[in-house]
Protein chains: 4
Amino acid sequence: MPRLNREESQARTKNLLIEAARDEIVRKGFAQASVRDIADAAGFSQGAFYSNFPDKEAILLELVQRHQSEERAKIEAALSSAGGDVAKAMAGIEKWAATINSDPAFAVLAIELQLQALRSPSFAEGYNELNRKHRRALGTFVTKLFELFGKKPPADPVDIATGFIALGRGMALVSKDGETSRSGRIMVTFLKALIGSAPADGGKK
Amino acid sequence: MPRLNREESQARTKNLLIEAARDEIVRKGFAQASVRDIADAAGFSQGAFYSNFPDKEAILLELVQRHQSEERAKIEAALSSAGGDVAKAMAGIEKWAATINSDPAFAVLAIELQLQALRSPSFAEGYNELNRKHRRALGTFVTKLFELFGKKPPADPVDIATGFIALGRGMALVSKDGETSRSGRIMVTFLKALIGSAPADGGKK
Amino acid sequence: MPRLNREESQARTKNLLIEAARDEIVRKGFAQASVRDIADAAGFSQGAFYSNFPDKEAILLELVQRHQSEERAKIEAALSSAGGDVAKAMAGIEKWAATINSDPAFAVLAIELQLQALRSPSFAEGYNELNRKHRRALGTFVTKLFELFGKKPPADPVDIATGFIALGRGMALVSKDGETSRSGRIMVTFLKALIGSAPADGGKK
Amino acid sequence: MPRLNREESQARTKNLLIEAARDEIVRKGFAQASVRDIADAAGFSQGAFYSNFPDKEAILLELVQRHQSEERAKIEAALSSAGGDVAKAMAGIEKWAATINSDPAFAVLAIELQLQALRSPSFAEGYNELNRKHRRALGTFVTKLFELFGKKPPADPVDIATGFIALGRGMALVSKDGETSRSGRIMVTFLKALIGSAPADGGKK
DNA sequence: CATGAATGAGTCTTCATTCAT
DNA sequence: CATGAATGAAGACTCATTCAT
């Protein structure tokens with residue numbers, strides 16, 4: 001274990017707290033995940049929590065950022081590996097769709113965040129800003145995907161992306177641990193239908 | 001106000017408590033809705049709550065039943081008004097899709113229930129049983145809908161129904177009060193794509 | 001021990017809490033007297049405290065009322081026992097002045113209350129109202145005392161009363177347990193000087 | 001700003017901390033003034049506090065010393081400006097009495113100190129020592145004042161001085177910001193009565 | 001059945017103090 | 001000497017639940 005200077009040490013502490021918070025919140029929900037639970041799980045005192053975050057809610061915003069960039073990274077990986085190959089792209093998507101529920105915690109966290117935004121105006125402020133950017137980024141993925149298939153999206157790409165996010169979130173709730181495959185199946189069914197029924201894109205961008 | 005006998009009076013108390021609980025839970029979340037809040041909102045003491053329910057969680061199961069039958073009733077109404085008329089059926093569906101988000105509270109409650117089921121084994125027991133039945137019922141609606149269009153569902157009807165439930169739930173979270181129309185739009189887009197890209201049903205039931 | 005009905009039982013609880021609070025606050029100061037300490041000393045749980053008072057500060061207002069009426073009662077007793085007899089009146093006053101510091105806790109509590117009023121606007125609101133009335137009542141005692149001696153008060157009676165209250169409070173702080181007599185001595189010295197140097201009251205009211 | 005050597009720099013730090021502590025304690029009370037508040041207000045870290053004082057209470061003793069010498073200096077100034085002139089002396093006293101409440105913070109601090117001495121044996125030790133000296137010094141002022149008027153103090157000069165200190169402290173608590181004049185008025189009334197009713201000093205010291 | 005005072009465990013947060021840097 | 005992250009204990013307050021009335 002390398003000797004850490006002060007800055008690194010603090011960053012490490014903060015990181016451990018964030019990871020512990022994510023686990024606890026996924027397992028118990030934000031309200032039920034006590035600061036003591038989180039600090040204990042991270043191996044620190046409660047005071048350490050408050051040395052790193054002004055209050056309990058503050059750690060949620062950190063989680064949003066990490067969660068969203070991970071989400072974007074996964075999708076990007078699924079698409080980019082395809083090059084221009086349609087079949088490969090769809091395969092990548094299917095792999096991603098399967099993935100999405102191998103970690104239902106991922107979606108459950110997203111739901112906790114959104115519920116919190118619905119109820120806490122102070123949190124909503126920061127959250128909505130981040131979320132707007134996230135949805136816009138996902139919209140460009142949808143655009144790219146339909147371009148790949150030579151199709152015209154049947155609705156605003158941002159709306160479509162939002163729909164799939166919503167679908168993923170909703171499915172994560174419904175599915176129990178056993179049936180993690182169903183969610184992916186449904187999402188792929190929906191996506192294929194959307195692409196299949198879309199009109200060809202005659203335009204030249 | 002008619003004089004109520006003992007039995008009716010008790011039923012009325014229980015009813016008022018359930019309604020108050022639903023409102024409080026939607027607004028604050030299950031964990032944040034205290035028994036005192038609920039009892040106060042219903043105009044009773046905390047003791048009255050415990051005279052009608054063994055514990056706080058017990059009121060959730062009552063909510064599940066009411067919620068699911070309301071959900072089924074809404075969909076059924078949308079479909080049945082069509083008779084055999086395809087256009088009318090689609091119009092009914094669109095109206096329902098619009099509806100679903102005019103009351104986001106409805107979906108938020110569903111999410112609270114599902115989260116609770118995810119976390120509380122004791123609640124999950126009763127909940128899952130009810131939920132299985134509910135999904136099966138919704139599956140038959142999907143079957144009917146595709147039949148109406150002379151199409152063959154591209155996946156297990158129960159899966160498709162589950163997908164739309166999930167989509168509705170997810171959308172309810174995402175959408176703020178202002179943009180209640182977006183959710184309906186997306187759901188209809190998805191549904192049309194599914195029907196549009198489905199193969200004709202040559203089979204004989 | 002007589003069987004108490006619900007109302008009596010609650011009044012008893014509240015009473016015990018108030019008395020325990022007074023003791024704890026005198027001994028440790030308001031900030032240092034924890035709700036747990038107070039509840040423990042009264043023989044109840046912390047929850048019982050919050051069943052009887054909305055918050056920690058609320059118990060202070062109850063203390064003010066009790067404290068002030070006790071203070072008035074003591075002075076009134078000192079004066080009224082005299083009838084019209086000047087010598088007896090002065091004797092009564094001396095006894096009272098001695099008394100005032102036999103219980104320094106009494107004055108220390110008053111100081112705690114006043115400090116709190118200085119710092120907590122919410123508490124000050126209720127406190128100042130009570131205090132205004134109290135000072136006015138004490139002013140009439142001063143008026144009576146000077147009348148008894150056939151003298152004209154050398155300043156607004158309310159001011160003079162306020163001065164003696166202030167003096168008593170200040171002395172309570174200064175004097176340690178051992179020298180409880182000094183405070184009384186000083187107060188009597190001041191009072192005699194005030195009466196002695198006052199002009200005769202020629203007016204006929 | 002001149003370059004300070006190590007020693008001067010440290011003295012400056014300590015000084016800033018003491019001044020910040022005084023302000024915070026007057027405003028919030030000793031218990032409510034946190035070390036962080038004090039250090040922040042002084043522009044230093046919490047560690048700097050503990051580099052200069054062994055613990056939180058230690059800073060109080062420093063405050064006592066400063067406070068008492070300021071108090072003596074004010075009174076001395078009021079008296080000494082008179083020379084042997086009785087009228088000027090009384091005018092000086094009146095100015096001082098007015099002064100005393102133009103800064104109620106001054107008296108509030110004294111009260112905080114005395115309360116702390118009442119409750120913390122460790123602090124009381126140092127405090128009482130300082131206080132004894134202070135009262136004796138004030139006693140000589142009283143002696144001088146009565147000499148000036150050719151009167152014999154009607155009680156131990158130290159007691160009289162203590163009485164006026166107590167009166168000043170008590171008044172500081174009672175008076176709100178608006179009525180800062182009342183305190184001075186009362187103190188002068190009391191003082192005049194004491195001098196007026198005192199017997200002439202026939203003795204030859 | 002309904003009341004609500006009381007309980008006891010738990011919540012978030014603050015704070016004096018320590019110590020590696 | 002000064003820094004400030006971290007500690008551990010404590011503080012005010014909340015809450016599901018019980019039970020005598």
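Computed from heavy atoms alone, side chains included, the values below leave out hydrogens, waters and symmetry copies. Residue numbers begin at 1 in each chain, while the letters A, B, ... track the order of the sequences.
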Q | Distance-only polar pair, side chains of Glu57(D) and Gln116(D), donor-acceptor under 3.5 Å | A | yes
Q. Which of the following nucleotides, dC12(E), dT7(F), dA16(E), is nearest to the side chain of Lys56(A)?
A. dC12(E)
Q. Nearest of dT3(E), dT7(F), dT3(F) to any side-chain atom of Ala48(B)?
A. dT3(E)
Q | Paired nucleotide for dA2(E) [Watson-Crick or G-U wobble; both distances under 3.5 Å] | A | dT21(F)
(Q) Return whichever of Phe44(B) or Glu57(A) has its heavy-atom-nearest nucleotide of DNA chain E closer to the 5' end. (A) Phe44(B)
Q.
Please name the nucleotide paired to dT11(E) by Watson-Crick or G-U wobble geometry with both distances under 3.5 Å, or report none.
A. dA12(F)
(Q) Is there, by distance only and without an angle test, a donor paired with an acceptor across the side chain of Gln46(A) and the base of dC12(E) below 3.5 Å? (A) no
Q. So what does Phe49(C) hit on the nucleic acid, given a heavy-atom distance under 4.0 Å: a base, only sugar-phosphate, or nothing?
A. nothing
(Q) Does dC1(F) have OP1 or OP2 under 4.0 Å away from a side-chain N or O of Ser51(D)? (A) no
Q.
Between Tyr50(C) and Arg36(B), which residue's closest nucleotide on DNA chain F lies nearer the 5′ terminus?
A. Tyr50(C)
Q) Rounded to the Å, how far apart are Phe53(C) CZ and dA12(F) P? A) 15 Å
**Q.** Gln46(C)-Asp40(C) side chain donor-acceptor pair, cut-off 3.5 Å
**A.** no
Q) Does Arg119(C) come within less than 4.0 Å of Glu112(D), counting only side-chain N to carboxylate O? A) yes
Q.
Please classify the nucleic acid contact of Ser34(C) as base, sugar-phosphate, or nothing, using heavy-atom distances under 4.0 Å.
A. sugar-phosphate
Q | Selection from dT14(F), dT17(F), dA6(F) that lies nearest to any side-chain heavy atom of Asp55(B) | A | dT17(F)
Q) Step by step, would you call Asn131(A) with Gln114(A) a side chain to side chain contact (heavy atoms under 4.5 Å, CB included)? A) CA-CA 10 Å; Asn131(A) 216 29; Gln114(A) 249 152 346; 4.0 Å; yes
Q) Of all the choices, dT13(E), dC13(F), dT7(F), which nucleotide is nearest to the side chain of Ser45(A) once you look at every atom? A) dT7(F)
Q | Full working for side chain to side chain contact (heavy atoms under 4.5 Å, CB included) between Leu61(A) and Leu130(A) | A | CA-CA 9 Å; Leu61(A) 268 186; Leu130(A) 287 172; 4.1 Å; yes
Q.
I need the CD-P distance between Gln10(D) and dT3(F), as an integer number of Å.
A. 12 Å
(Q) Measuring to OP1 and OP2 of dA6(E), would you say a side-chain N or O of Thr13(C) lies under 4.0 angstrom away? (A) yes
